[in-house]
Engineer: 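Take a look at this one; I'll ask things after.
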Amino acid sequence: MRVRIHKRGVIAYLLGLVLSIVFASYYGGPVSFAWLYGMLLVIPVSILYTILNYRFLNIFQEIEVYKVTKGEEHRYRVLFENSGILPVHRMGMYTLDDRCSLYEIENGQQISLDNHQKKELLSGITCKYAGAYDIGIDRISLSDPFYMYTVELDVQYNFRAIVRPQITDVATKVLDIENLINNTGLKSNRLYEDIPGSDMRAYQSGDSLKSINWKVSAKHNELMVRLPEKMEKRTVTILMDAANPPESREDLEYLKKRDIFLEFVVSAAWHFGEQGVPVRLIYPSGDVKESTVDSRESFMDFYSIVADGIFYGSDKAFNEIQRLVAERRNNVNDNDTWIIIREDPGEGESSCLICG
């Protein structure tokens with residue numbers, strides 16, 4: 001809560017109070033004292049008026065979808081309802097414009113409501129960072145009837161958005177698979193899958209229809225299939241070294257770091273997935289969890305987690321991630337390619353560390 005005093009209103013009130021005291025002192029009588037008592041009641045009545053306005057004011061905020069994507073515009077709706085018998089005059093709205101942009105609602109915009117009146121505002125909205133945090137209207141301001149002060153108060157119910165990171169090519173140059181394997185000399189486990197080869201034989205019961213070569217079959221007047229060959233598939237493990245967040249997860253610097261961290265992680269998973277390289281991801285989601293991205297479906301499953309599902313549920317989970325980071329940096333196991341992505345690297349350290 002923050003209170004702003006309006007000097008002109010206060011000076012006018014004090015002047016009126018002094019004149020009321022002088023008038024009651026010199027002339028006495030019920031009229032003069034009634035005026036004096038009325039002046040003395042101005043402040044408590046103003047405070048009560050503000051309390052009742054706030055008590056009977058309801059604010060409902062919503063977006064058209066449950067999860068949004070950073071940078072994409074969506075429709076935002078806010079409904080103000082005055083359920084009390086007293087009107088609300090010159091109520092200001094203060095938006096969280098450091099983390100979202102509202103196109104049709106200005107920060108500090110004022111509205112008034114009569115008793116039992118509802119008012120709806122619509123706007124486009126974009127969220128600036130990936131993660132889970134409050135957006136929309138954060139505070140309101142209420143002024144007393146005599147305009148001596150304005151008090152800023154938090155809205156009773158904040159609107160929390162779940163914002164997915166953008167999928168970009170930010171990780172492409174850093175995590176090029178050929179650079180990882182060939183140029184740095186790092187090794188990774190090899191898996192193999194069957195692909196259609198160039199050798200042919202006659203179709204046998206149980207062969208996949210996808211392996212039939214229809215052109216060759218037409219020449220031989222019988223079904224011919226390609227013999228499978230082994231194709232190497234590399235595996236990569238991404239270890240997400242998420243930071244232990246501060247007490248307030250609404251801290252702007254924390255949101256900026258989390259945004260960069262999540263964008264790099266999903267871009268890395270997408271980068272390898274497009275090359276057909278299966279990726280194992282180790283991350284904190286309450287406990288330490290693992291996911292494997294080897295298809296579009298598995299990527300989308302992981303993508304739906306990262307916006308609000310990266311967190312430590314206990315010190316044990318945090319210590320386990322730190323143990324894995326220390327272990328991989330010391331190259332305890334050298335038969336796989338590990339990529340450590342750090343949310344809060346130390347001074348002079350890179351946010352991405354590639355280990356053998």
Engineer: Indicate, with yes or no, if Leu262 and Leu281 share a hydrophobic cluster defined by side-chain heavy-atom contacts under 4.5 Å among Ile, Leu, Val, Met, Phe, Trp and Tyr.
Structural biologist: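 Leu281 clusters together with Leu262.
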
Engineer: Is Tyr133 reaching over with its side chain to a backbone N or O of Leu252, donor-acceptor style, under 3.5 angstrom?
Structural biologist: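 Looks like no, no N/O pair under 3.5 Å.
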
Engineer: For a 4.5 angstrom cut-off between non-hydrogen side-chain atoms, does Val279 reach Asp294?
Structural biologist: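 A side-chain contact under 4.5 Å is absent here.
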
Engineer: Counting the benzene-type ring for Trp, do Phe302 and Tyr283 have ring centres under 6.0 Å apart?
Structural biologist: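 Under 6.0 Å, so yes.
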
Engineer: For His220, I'd like to know if atom NE2 has over 12 heavy atoms of other residues, nucleotides or ligands within 6.0 Å.
Structural biologist: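 Check fails, neighbour count at 12 or below.
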
Engineer: To the nearest 0.5 angstrom, please state how far the OG atom of Ser123 sits from the CD1 atom of Ile105.
Structural biologist: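 Separation between the atoms: 5.0 Å.
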
Engineer: Provide the closest heavy-atom pair for Phe80 versus Leu113 in the form atom of the first, atom of the second, distance.
Structural biologist: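 For Phe80 and Leu113, the tightest heavy-atom pair comes out as CB-CD1, 3.9 Å.
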
Engineer: Does any donor atom in the side chain of Asn158 or Gln61 lie under 3.5 Å from an acceptor atom in the other side chain?
Structural biologist: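 Gln61 and Asn158 do not have a side-chain donor-acceptor pair below 3.5 Å.
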
Engineer: Do Lys67 and Asp308 touch side chain to side chain, with heavy atoms closer than 4.5 Å?
Structural biologist: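 SC-SC contact between Lys67 and Asp308 confirmed.
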
Engineer: Which heavy atom in Pro345 sits nearest to a heavy atom in Ser350, and how many Å separate them?
Structural biologist: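 Closest approach of Pro345 to Ser350, heavy atoms only: CB-O, 3.7 Å.
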
Engineer: Would a distance-only check, ignoring hydrogens and angles, find a side-chain to backbone donor-acceptor pair under 3.5 Å from Asp138 to Thr95?
Structural biologist: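 Such a contact is absent between Asp138 side chain and Thr95 backbone.
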
Engineer: Checking side-chain polar atoms at under 3.5 Å, does Thr150 have a donor or acceptor matched by the opposite partner on Ser143?
Structural biologist: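 A pair is found: one side chain offers a donor N or O, the other an acceptor, under 3.5 Å apart.
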
Engineer: Establish whether Met91 and Val151 are linked, either directly or via other cluster members, by ILVMFWY side-chain heavy-atom contacts under 4.5 Å.
Structural biologist: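 Yes.
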
Engineer: Determine the minimum heavy-atom distance between Leu223 and Trp214, stating which atoms define it.
Structural biologist: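 Closest heavy-atom pair between Leu223 and Trp214: CD2-CZ3, 3.7 Å.
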
Engineer: Check the hydrophobic clustering (I, L, V, M, F, W, Y; side-chain heavy atoms under 4.5 Å; chains of links allowed) and say if Phe23 and Tyr26 are grouped together.
Structural biologist: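 Yes.
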
Engineer: Measure the shortest side-chain to side-chain distance between Arg8 and Tyr147 over non-hydrogen atoms and say whether it is less than 4.5 angstrom.
Structural biologist: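 Contact flag for Arg8/Tyr147 side chains = no.
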
Engineer: Is there a donor-acceptor pair under 3.5 Å between the side chain of Asp259 and the backbone N or O of Leu255?
Structural biologist: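 No; judged by distance alone, with no hydrogens or angles, the pair does not exist.
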
Engineer: Grab the two heavy atoms, one from Ala243 and one from Tyr312, that are nearest each other, plus how far apart they are.
Structural biologist: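 Of all heavy-atom pairs spanning Ala243 and Tyr312, the closest is O-CE1, 3.6 Å.
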
Engineer: Is there a path from Ile111 to Val88 through hydrophobic residues (I, L, V, M, F, W, Y) whose side chains come within less than 4.5 Å of each other?
Structural biologist: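 In one cluster: yes.
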
Engineer: Salt bridge or not between Glu327 and Arg323? Use side-chain N to carboxylate O under 4.0 Å.
Structural biologist: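 Salt bridge flag = yes for Arg323 with Glu327.
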
Engineer: Main chain of Gly92, side chain of Ser141: is a donor-acceptor contact present, judged purely on distance under 3.5 Å?
Structural biologist: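 Side chain of Ser141 to backbone of Gly92: a pair is present.
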
Engineer: Would you say the side-chain atoms of Arg90 pair up with the backbone N or O of Leu142, donor to acceptor, closer than 3.5 Å?
Structural biologist: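 It does not hold such a pair.
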
Engineer: Should the pair Glu62-Arg77 be classified as a salt bridge under the 4.0 Å nitrogen-to-oxygen rule?
Structural biologist: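 Yes, Glu62 and Arg77 are salt-bridged.
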
Engineer: Taking atom types as modelled and ignoring hydrogens, do the side chains of Ser20 and Tyr37 form a donor-acceptor contact shorter than 3.5 angstrom?
Structural biologist: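 Per modelled atom types, Ser20 and Tyr37 side chains form no pair under 3.5 Å.
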
Engineer: Any donor-acceptor pair under 3.5 Å linking the side chain of Ser295 with the backbone of Ser298?
Structural biologist: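 The answer is yes, because a donor-acceptor pair under 3.5 Å joins these two groups.
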
Engineer: Enter the distance from Ile321:CD1 to Ile340:CD1 here, rounded to the nearest 0.5 Å.
Structural biologist: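 Ile321 CD1 to Ile340 CD1: 10.0 Å, rounded to 0.5 Å.
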
Engineer: Rounded to the nearest 0.5 Å, what separation is found between the CD atom of Gln109 and the CD1 atom of Ile137?
Structural biologist: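 Going from CD on Gln109 over to CD1 on Ile137, the span is 8.5 Å.
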
Engineer: Passes salt bridge (charged side-chain N to carboxylate O under 4.0 Å, His left out), Glu343 versus Lys257? Steps please.
Structural biologist: CA-CA 6 Å; Glu343 181 174 7; Lys257 289 181 180 180; over 6 Å; no

Engineer: Might you work through the side chain to side chain contact (heavy atoms under 4.5 Å, CB included) test for Tyr66 and Ile162, ending with a clear yes or no?
Structural biologist: CA-CA 7 Å; Tyr66 171 62; Ile162 298 173; 3.3 Å; yes

Engineer: Shared ILVMFWY cluster between Leu15 and Trp35, side chains joined below 4.5 angstrom?
Structural biologist: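 No, separate clusters.
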
Engineer: Between Thr50 and Tyr149, is any side-chain donor less than 3.5 angstrom from a side-chain acceptor?
Structural biologist: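 Yes, a side-chain donor-acceptor pair sits under 3.5 Å.
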
Engineer: Under a 3.5 Å distance rule, please check whether Asn82 uses its side chain to pair with a backbone N or O of Asp114 as donor and acceptor.
Structural biologist: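 Yes: the side chain of Asn82 pairs with the backbone of Asp114.
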
Engineer: Can you check salt bridge (charged side-chain N to carboxylate O under 4.0 Å, His left out) on Arg258 and Glu263, steps first, answer last?
Structural biologist: CA-CA 8 Å; Arg258 175 54 57 101; Glu263 182 176 333; over 6 Å; no

Engineer: Would you say Leu121 and Met93 make side-chain contact, with heavy atoms under 4.5 Å?
Structural biologist: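 Leu121 reaches Met93 side chain to side chain.
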
Engineer: Could you check whether atom CZ of Arg296 has more than 12 heavy atoms from other residues, nucleotides or ligands sitting under 6.0 Å from it?
Structural biologist: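 Incorrect, the count does not exceed 12.
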
Engineer: So, the side chain of Ser285 versus the backbone of Gly309: is there a donor-acceptor pair under 3.5 Å, distance only?
Structural biologist: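 Present.
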
Engineer: To the nearest 0.5 Å, what is the distance between CD1 (Ile339) and CD1 (Ile354)?
Structural biologist: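 So the gap between those two atoms works out to 5.5 Å.
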
Engineer: Do the non-hydrogen side-chain atoms of Trp338 and Ile282 ever get within less than 4.5 Å of each other?
Structural biologist: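 They are in contact (side-chain heavy atoms under 4.5 Å apart), so the answer is yes.
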
Engineer: So, the side chain of Tyr303 versus the backbone of Pro165: is there a donor-acceptor pair under 3.5 Å, distance only?
Structural biologist: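 Confirmed, Tyr303 side chain pairs with Pro165 backbone.
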
Engineer: With a cut-off of 6.0 Å (strictly less than), are more than 12 heavy atoms of other residues, nucleotides or ligands near CD of Glu106?
Structural biologist: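 Incorrect, the count does not exceed 12.
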
Engineer: Should we say atom CG of Leu122 is surrounded by more than 12 heavy atoms from elsewhere, each under 6.0 Å from it?
Structural biologist: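 Yes, because the 6.0 Å sphere around CG of Leu122 holds more than 12 heavy atoms from other groups.
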
Engineer: Would you confirm whether the ring centroid of Trp270 sits within less than 6.0 angstrom of the ring centroid of Phe299?
Structural biologist: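 For Phe299 and Trp270, the ring centres are under 6.0 Å apart.
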
Engineer: Is any side-chain heavy atom of Asp144 less than 4.5 Å from a side-chain heavy atom of Tyr49?
Structural biologist: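 Counting from C-beta outward, Asp144 and Tyr49 never come under 4.5 Å.
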
Engineer: Show the nearest heavy-atom pair for residues Ile135 and Cys100, with the distance to one decimal.
Structural biologist: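 Ile135 and Cys100 have their closest heavy atoms at CB-SG, 4.0 Å.
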
Engineer: Can you tell me how far apart OG1 (Thr126) and NZ (Lys128) are? Round to the nearest 0.5 Å.
Structural biologist: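 Rounded to the nearest 0.5 Å, the OG1-NZ separation comes to 7.5 Å.
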
Engineer: Using the rule side chain to side chain contact (heavy atoms under 4.5 Å, CB included), only one of Ile63, Leu96, Asp134 pairs with Phe159; which is it?
Structural biologist: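 The option that passes is Ile63.
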
Engineer: Would you name the heavy atoms of Arg160 and Ala132 that are closest together and state the gap between them?
Structural biologist: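 Shortest heavy-atom contact: NH2-O, 3.1 Å.
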
Engineer: Distance only, no hydrogens: is a donor on one side chain within 3.5 Å (strictly under) of an acceptor on the other, for Ser217 and Glu222?
Structural biologist: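 Absent: no donor and acceptor within the cut-off.
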
Engineer: Can you find a pair of side-chain heavy atoms, one from Met148 and one from Val42, that are under 4.5 Å apart?
Structural biologist: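 Result yes, sub-4.5 Å side-chain heavy-atom pair found.
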
Engineer: Just wondering, do Tyr76 and Leu102 contact through their side chains at under 4.5 Å, heavy atoms?
Structural biologist: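 Yes - at least one pair of side-chain heavy atoms lies under 4.5 Å apart.
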
Engineer: Between Arg99 and Tyr129, is NZ or CZ placed under 6.0 angstrom from the six-membered ring centre and within 45° of the ring axis?
Structural biologist: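 Ring-cation test returns no.
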
Engineer: Does the Glu81 side chain pair with the main chain of Lys118, one donor and one acceptor, at a distance under 3.5 Å?
Structural biologist: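 The answer is no, because no donor-acceptor pair under 3.5 Å joins these two groups.
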
Engineer: About how many Å separate CZ of Phe60 and CD of Gln156, when rounded to the nearest 0.5 Å?
Structural biologist: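 Atom-to-atom, Gln156:CD and Phe60:CZ are 9.0 Å apart.
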
